[in-house]
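For reference, the structure discussed in these notes is given below.
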Amino acid sequence: MARTRMTLALRGPLVAVTAAALTFTASGVAHAAPAAKALADVAVDLSADPPVVGTGYGTTVTATVRNQGDRPARDLQLKITVPTGFELFGTSSSSALPCTPAAQVVTCTGTADLAAHATEYPITLSLEAMAPPGTDADFDASVTTTSRESDTSNNTATRTVQIVGVGTVQGNVWNDLNGDGQREPGEPPLNDISSIQVINPDDGDGSGVSNIFDGYYSFWDVRATRNIVRVTLNGSGPWTFTTPNVGDDATDSDISDVSETGSVIIGDSAEFNVTAGGVVTIDVGLVAKSQ
Ligand SMILES: [Ca+2]
Ligand SMILES: [Ca+2]
Ligand SMILES: [Ca+2]
């Protein structure tokens with residue numbers, strides 16, 4: 001009886017392949033499929049400053065155009081639409097993509113092809129907020145090229161800019177002589193801090209002072225967002241923070257020690273909300289370090 005022999009359709013060493021990458025001829029020899037045609041792919045991003053603080057305050061919005069495709073992009077055109085509520089008073093751009101504002105639309109036209117994998121110098125709009133606090137406004141950008149693109153879903157971008165009001169953050173710094181965490185008559189004001197800052201924990205922006213007088217500080221233009229107060233003391237100085245939040249919020253200290261090194265002692269308040277036109281009081285009680 002003749003022996004039956006199984007034969008494999010493919011000869012030669014077995015290789016792991018992905019179906020899409022290779023094709024097989026009748027002889028079973030693998031060939032790479034032709035690569036997809038290289039195309040341009042322009043894209044735009046918009047970025048903006050943190051929340052703007054109300055009418056008359058300046059802000060900037062920046063557009064970045066890049067070609068993430070494998071072919072140059074011809075005849076680049078970028079349009080940025082400025083929403084009502086913002087007045088445009090300046091545009092900064094490069095000679096490769098110069099911009100012309102007309103009413104609320106800025107049009108930028110490429111003067112040369114944008115090379116594959118290249119990014120244009122960013123276009124920055126200088127603006128003034130005209131809308132009242134509480135307004136949200138959308139900036140829109142769109143970029144086009146006459147070159148064929150592999151993806152057009154990334155040719156537009158929108159960025160919402162929030163206009164918020166400002167409020168006041170103030171407080172007293174005092175020597176908590178009896179160490180009970182309460183500010184009482186006869187306990188004197190202190191100016192002996194390295195700095196006091198008001199910081200938005202979401203974006204890290206804020207403002208600060210290094211000198212105060214009569215144990216009193218005040219920031220009257222704090223954005224109406226979440227904030228904290230951060231107090232820094234000289235680590236080799238005579239003071240440290242008293243126990244915070246021990247009683248009546250009107251007279252206790254609101255700063256907790258968060259870190260100490262040889263050179264600085266840092267204390268933070270809890271987060272609080274500043275409202276437009278509102279006043280928040282954050283007091284800072286200090287005690288003499290025990291010897
Ligand atoms: Ca694209
Ligand atoms: Ca006290
Ligand atoms: Ca308190």
Side-chain angles (χ1 to χ4, degrees), residues 40-68 73 75-111 114 119-146 149 151-168 198-207 219-227 273-278:
D41 179 13
V42 295
V44 62
D45 283 326
L46 280 177
S47 60
D49 284 348
V52 186
V53 286
T55 309
Y57 283 81
T59 190
T60 63
V61 169
T62 299
T64 306
V65 172
R66 63 189 188 281
N67 178 6
Q68 54 198 32
D75 305 322
L76 212 56
Q77 190 170 74
L78 171 70
K79 279 186 191 292
I80 307 167
T81 305
V82 176
T84 54
F86 284 86
E87 186 174 334
L88 178 70
F89 63 87
T91 303
S92 122
S93 59
S94 70
S95 56
L97 192 57
C99 299
T100 310
Q104 297 293 96
V105 179
V106 176
T107 304
C108 313
T109 305
T111 54
L114 179 57
T119 301
E120 290 284 17
Y121 188 79
I123 289 114
T124 299
L125 310 185
S126 300
L127 304 140
E128 192 172 307
M130 308 305 288
T135 308
D136 285 355
D138 287 344
F139 287 75
D140 294 306
S142 69
V143 65
T144 56
T145 172
T146 56
E149 286 193 74
D151 180 6
T152 54
S153 67
N154 51 11
N155 290 31
T156 58
T158 298
R159 173 67 58 176
T160 303
V161 176
Q162 206 185 357
I163 303 177
V164 299
V166 292
T168 297
V198 178
I199 301 169
N200 177 328
D202 297 319
D203 57 34
D205 265 31
S207 51
F219 297 93
W220 59 87
D221 57 355
V222 179
R223 283 179 296 157
T225 58
R226 295 196 304 161
N227 287 277
N273 284 314
V274 173
T275 57

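This is a predicted model, so every value here is computed, not measured. We number each residue from 1, following the sequence as shown.
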Practice problem: Name all residues meeting the side-chain hydrogen bond (donor to acceptor under 3.5 Å, both in side chains) criterion together with Asp151; count only those two or more places apart in sequence or in a different chain, and write none if there are none. | Solution: Ser153

Practice problem: Supply the atom-to-atom distance Asn273 CG to Asn227 CG, rounded to the nearest 0.5 angstrom. | Solution: 8.5 Å

Quiz item: Where is the tightest heavy-atom contact between Arg159 and Ser47, given as atom of each residue plus distance?
Solution: NE-CA, 4.0 Å

Exercise. Using a 4.5 Å cut-off on heavy atoms from C-beta on, say whether the side chain of Leu78 contacts that of Glu120.
Key: no

Quiz prompt | Results of ring-ring contact (aromatic ring centres under 6.0 Å, His included) for Phe86 - residues two or more places apart only | solution = Phe139

Quiz item: Is any side-chain heavy atom of Ser142 less than 4.5 Å from a side-chain heavy atom of Asn155?
Solution: no

Exercise. Quick one: closest heavy-atom pair of Pro98 and Ser95, and the distance?
Key: CD-O, 3.4 Å

Quiz item: side chain to side chain contact (heavy atoms under 4.5 Å, CB included) with Asp75: which residues, sequence neighbours excluded?
Solution: Thr146

Practice problem: State which residues pass side chain to side chain contact (heavy atoms under 4.5 Å, CB included) with Pro122; sequence neighbours excluded, sorted by chain then number. | Solution: Thr62, Thr64

Quiz item: Taking 4.0 angstrom as the limit, do Arg223 and Asp202 come out as a salt bridge?
Solution: no

Exercise. Considering non-hydrogen atoms only, spot the tightest contact between Ile163 and Ala129 and give its length.
Key: CD1-CB, 4.0 Å

Quiz prompt | Qualifying salt bridge (charged side-chain N to carboxylate O under 4.0 Å, His left out) pairs with a residue from residues 41-52, counting only residues at least two apart or across chains | solution = Asp45-Arg66

Exercise. Enumerate the residue pairs fulfilling side-chain hydrogen bond (donor to acceptor under 3.5 Å, both in side chains) with a member in residues 77-94, sequence neighbours excluded, ordered by first and then second residue.
Key: Lys79-Thr107

Quiz item: By salt bridge (Lys or Arg N to Asp or Glu O under 4.0 Å), which residues pair with Asp205, not counting sequence neighbours?
Solution: none

Quiz item: If you look at every heavy atom in Val161 and Ala48, which pair is closest and at what distance?
Solution: CG2-CB, 3.7 Å

Quiz prompt | CG on Asn67 to CG on Leu76, rounded to 0.5 Å | solution = 8.0 Å

Quiz item: With Asp221, which residues qualify under salt bridge (Lys or Arg N to Asp or Glu O under 4.0 Å), at least two apart?
Solution: none

Self-check item: For the student: nearest non-hydrogen atoms of Gly110 and Leu97, plus distance
Solution: N-CD1, 3.3 Å

Practice problem: Supply the atom-to-atom distance Thr135 OG1 to Met130 CE, rounded to the nearest 0.5 angstrom. | Solution: 12.0 Å

Quiz item: Of Thr275, Asp203, Asn200, which meets side chain to side chain donor-acceptor pair (under 3.5 Å) against Thr225?
Solution: Asn200

Self-check item: Heavy-atom pair with the smallest gap, counting every atom of Ala276 and Ala224
Solution: N-CB, 3.6 Å

Quiz item: Under 6.0 Å from the CZ atom of Phe89, do we count more than 12 heavy atoms belonging to anything else shown?
Solution: yes

Exercise. Using the test side chain to side chain contact (heavy atoms under 4.5 Å, CB included), find all partners of Thr158 that sit at least two apart in sequence or belong to another chain.
Key: Asp138, Asp140

Quiz item: In Å and rounded to the nearest 0.5 Å, what is the CD1 to CD1 distance from Ile123 to Ile80?
Solution: 5.5 Å

Quiz item: What residues form a side chain to side chain contact (heavy atoms under 4.5 Å, CB included) with Asp136, not counting sequence neighbours?
Solution: Thr160, Gln162

